[in-house]
Amino acid sequence: MSDDIDSIFQRAKRGKALFLDRKALSPEYIPDHLPFREQQISAVAEVLAPALHMSKPSNLLLYGKTGTGKTAVSRYVLSKLMAEEPSLNIFTPYVNARIAGTEYLTLWEIASSLGLTIPKTGLAIAEVIKQIFSVIQSQSLNVILALDEIDYLIHSYGDNILYQFTRAGERTATGFLSIVGISNDLKFKEVLDPRVLSSLGEEELVFPPYTVEELRAILAERAAVAFKQGVVPQSTVNLCAALAGSEHGDARRAVDLLRIAGEVAEREGFQRVDDACIRKASEKVEYDRVEEALRSLPLQNKIILLTISKFQQGTNTGEVYTGYATLAKRIGAEILTQRRVSGILAELDLLGLVEAAVVSKGRRGRTKRIRLLIPTDTLEKIISEDPSITAAA
DNA sequence: CCTCCACTGGAAACCTAGGCTC
DNA sequence: GAGCCTAGGTTTCCAGTGGAGG
C-alpha cells in the first residue's frame with residue numbers, strides 16, 4: 001500500500017515486457033493444434049462429419065478427468081466444422097451444466113444460444129424443450145450441442161432432459177439435434193435409463209490424463225507463444241508440469257499456473273518467471289478456487305461451514321447441527337432442519353470444501369465424520385465478508 | 001450372534017417466486 | 001389482477017443400517 005505510485009508504474013512497465021500474447025494462456029484459448037490429442041480429434045471429427053451432408057451425426061460421449069482436453073477437443077472440432085461450411089445452418093452451442101446451475105437454467109442457455117428468448121424462471125421444463133424443438137424444426141437448424149459436466153446434470157436432476165433430447169431424431173422432420181456429452185465421471189452411466197444410454201453413448205471416447213512429459217511439451221509450446229523469449233526457463237516449465245502432473249495430468253491447471261506465475265513475475269517486476277513464481281502461483285490458484293467456491297455459497301451453507309471450522313479436530317453431524325442452530329439464531333437466520341443440514345453437508349463434500357464420510361460408531365450410531373478441507377483463516381476471512389454474517393458478529 | 005444407537009437418505013408434501021392466460 | 005401453472009428449496013415422515021458393545 002505504501003508503494004509509491006511511480007515505482008508501481010515503473011515496475012508495471014518493465015513487467016509488461018514479459019508477455020507477448022497473454023491470451024495464449026487464458027482458459028478460453030483454443031490453440032491451432034492440440035498436441036497428443038490427434039487421435040481424439042479425428043475420432044470426434046469422424047463422428048460429426050455427417051453434419052456436412054445435413055444428416056444427423058451420432059450422439060457422442062467424451063470421458064476423462066478434468067484438464068484432459070475434452071472441452072478443448074470438442075470446441076476445436078466444432079469450430080472447424082462451422083468454418084468448413086458456413087452456409088449450412090449448423091449451430092454448435094456449448095453449455096456447462098454445472099455452471100448453468102439447474103436443469104432449467106441449462107435449458108435456458110441452450111434455448112438462448114439458438115436465438116430464443118425465454119424467461120429465466122417461471123416456465124415448465126417441458127415447455128422450454130418444446131420451444132427448442134420447434135425452432136429447430138421451423139428453421140431447419142442443424143444443432144450439435146456440446147453439453148459439459150453432463151454427470152452433474154444427471155446426478156442432481158435425473159436424465160429427463162437427456163431422454164427428451166436423445167429422442168430428437170424422432171421428433172424433428174427437418175433439422176436435427178445431436179449431443180456431444182462431456183463427463184468427468186466414468187460411473188455416471190450407471191444411473192442412466194438404458195434407452196438414454198444406448199442413444200447417447202452411440203459413440204464413446206475416453207481421454208487419458210496427460211503424462212508429465214506431455215504437459216511439459218504443451219507448456220513449452222504455450223509459453224513460446226505467450227511470453228517473450230528467455231522469460232520462461234526450461235526449469236520453470238518442468239516444475240509447472242510436475243506440479244500439475246501430480247494432480248492427475250490436468251493441463252488446464254498447468255496452463256493456469258503458468259499464466260498466474262507470469263502475472264506474479266510481472267507485478268514483482270522480475271525479468272524472468274522463476275520457480276518461486278510458480279510456487280506462489282500454485283498457492284494463489286488454490287486460494288482463488290476456494291474463494292470463488294465460498295463466495296457463491298448460500299448463506300445457510302456459509303453458516304454451516306463456519307460452524308465446522310470451530311471444530312479443528314473434526315466433528316460429526318449432530319455436533320454440527322447444534323452448533324449451527326445456535327449460530328444461525330444469533331445471526332438471525334432461519335434455522336433449517338437436521339435433514340436439510342445433512343443434505344447440505346453432502347453438497348459441501350461434493351464441492352470439496354469438507355470431507356463428510358459416513359461412518360458407523362457401533363452402538364453409538366451412524367453419522368458423518370466431518371473435516372474441513374480448506375484453511376480456517378481463509379474460510380473465516382471470506383465468509384466474514386458476507387454482510388448478513390458480519391452484522392451479527 | 002444380536003442389539004440398538006444416531007443418524008442416513010429416499011419419498012412426498014409444502015412453500016415461494018415467477019410466468020402465463022384471460 | 002385473479003387464478004393457474006412449474007422449478008427449486010425445504011420440511012416432514014420414516015424405513016434402513018454398520019458395527020461396537022453386550
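Below, chains carry the letters A, B, ... as their sequence lines are ordered, and counting in each starts from 1.
Within 6.0 Å of atom CD in A:Glu292, 12 or fewer heavy atoms from other residues, nucleotides or ligands are found, so the atom counts as exposed in its surroundings. The environment of A:Glu84 atom CD is sparse: at most 12 non-hydrogen atoms of other residues, nucleotides or ligands sit within 6.0 angstrom. For A:Glu334, the CD atom sits in a loose shell: 12 or fewer heavy atoms of surrounding residues, nucleotides or ligands are nearer than 6.0 Å.
Here the closest non-hydrogen pair linking A:Ile335 and A:Lys329 is CD1-CB, 4.1 Å.
Side chain of A:Val358, nearest nucleotide from B:dC20, C:dG9, B:dG9: B:dG9.
Regarding A:Lys130, its NZ atom lies at a distance of 12 Å from the C1' atom of B:dC20, rounded to whole Å. Across the protein-nucleic acid pair, A:Leu350 atom CG and B:dG9 atom P stand 12 Å apart, rounded to whole Å. With rounding to whole Å, A:Ile304 atom CD1 is found 9 Å from C:dT10 atom P. Per the geometry, CD belonging to A:Glu347 stands 13 Å off C1' belonging to B:dG9, to the nearest Å. If you measure from atom CG of A:Leu345 to atom P of B:dG9, you get 11 Å, rounded to the nearest angstrom. B:dT8 atom P lies 13 Å from atom CZ of A:Arg340, rounded to whole Å. In this entry the distance linking CZ of A:Arg339 with P of B:dC7 reads 14 Å, nearest Å. In this structure, A:Leu336 atom CG and C:dT12 atom C1' are separated by 14 Å, rounded to whole Å.
Near DNA chain B, defined here as any heavy-atom distance below 4.0 Å, there are no residues from residues 94-118 of chain A. Using a 4.0 Å cut-off on heavy atoms, the residues of residues 315-326 of chain A that approach DNA chain B are A:Asn316, A:Thr317, A:Gly318, listed by number.
Residue A:Ser342 places at least one side-chain N or O under 4.0 Å from the OP1 or OP2 atom of B:dT8. The shortest distance between the side-chain N/O atoms of A:Lys368 and the OP1/OP2 oxygens of B:dT8 is below 4.0 Å.
Sorted by first then second residue, the side chain to side chain donor-acceptor pair (under 3.5 Å) pairs that include residues 294-315 of chain A, not counting sequence neighbours, are A:Glu291-A:Arg295, A:Arg295-A:Glu385, A:Gln300-A:Tyr324, A:Lys302-A:Asp386, A:Thr315-A:Glu319. Counting only residues at least two apart or on different chains, the side chain to side chain donor-acceptor pair (under 3.5 Å) pairs with a member in residues 191-208 of chain A are A:Asn59-A:Ser199, A:Tyr163-A:Arg195, A:Lys189-A:Glu204, A:Asp193-A:Arg195.
Cation-pi check for A:Arg259 over A:Phe19 is not met; the charged atom does not lie both under 6.0 angstrom from the ring centroid and within 45 degrees of its normal.
Listed by chain and number, the residues in a salt bridge (Lys or Arg N to Asp or Glu O under 4.0 Å) with A:Lys23 are A:Asp21 (sequence neighbours excluded). By the side chain to side chain donor-acceptor pair (under 3.5 Å) test, A:Tyr94 pairs with A:Asp148, sequence neighbours left out. Judged as a salt bridge (Lys or Arg N to Asp or Glu O under 4.0 Å), and not counting sequence neighbours, A:Arg279 has no contacts. A:Val358 pairs by the side-chain contact (heavy atoms from CB on, under 4.5 Å) definition with A:Arg366, A:Lys368, not counting sequence neighbours. Under the salt bridge (Lys or Arg N to Asp or Glu O under 4.0 Å) criterion, A:Glu214 pairs with no residue, sequence neighbours left out. Under the salt bridge (Lys or Arg N to Asp or Glu O under 4.0 Å) criterion, A:Arg289 pairs with A:Glu286, not counting sequence neighbours.
Using a 4.0 Å heavy-atom cutoff across all strands shown, A:Glu127 reaches no nucleic acid atom at all. As judged by a 4.0 angstrom heavy-atom cut-off over every strand, A:Ile335 is placed among residues touching the sugar-phosphate backbone only.
Placement of A:Leu34 and A:Ile218 in two distinct hydrophobic clusters is found when ILVMFWY residues are connected by side-chain heavy-atom separations under 4.5 Å, directly or transitively.
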**OP:** Starting at the 5' end of nucleotides 15-22 of chain C, put B wherever the base has a protein heavy atom under 4.0 Å, S where only the sugar-phosphate does, and a dash everywhere else.
**Re:** --BBBBB-

Review item, nucleotides 13-17 of chain B N/O atoms under 3.5 Å of protein N/O:
none

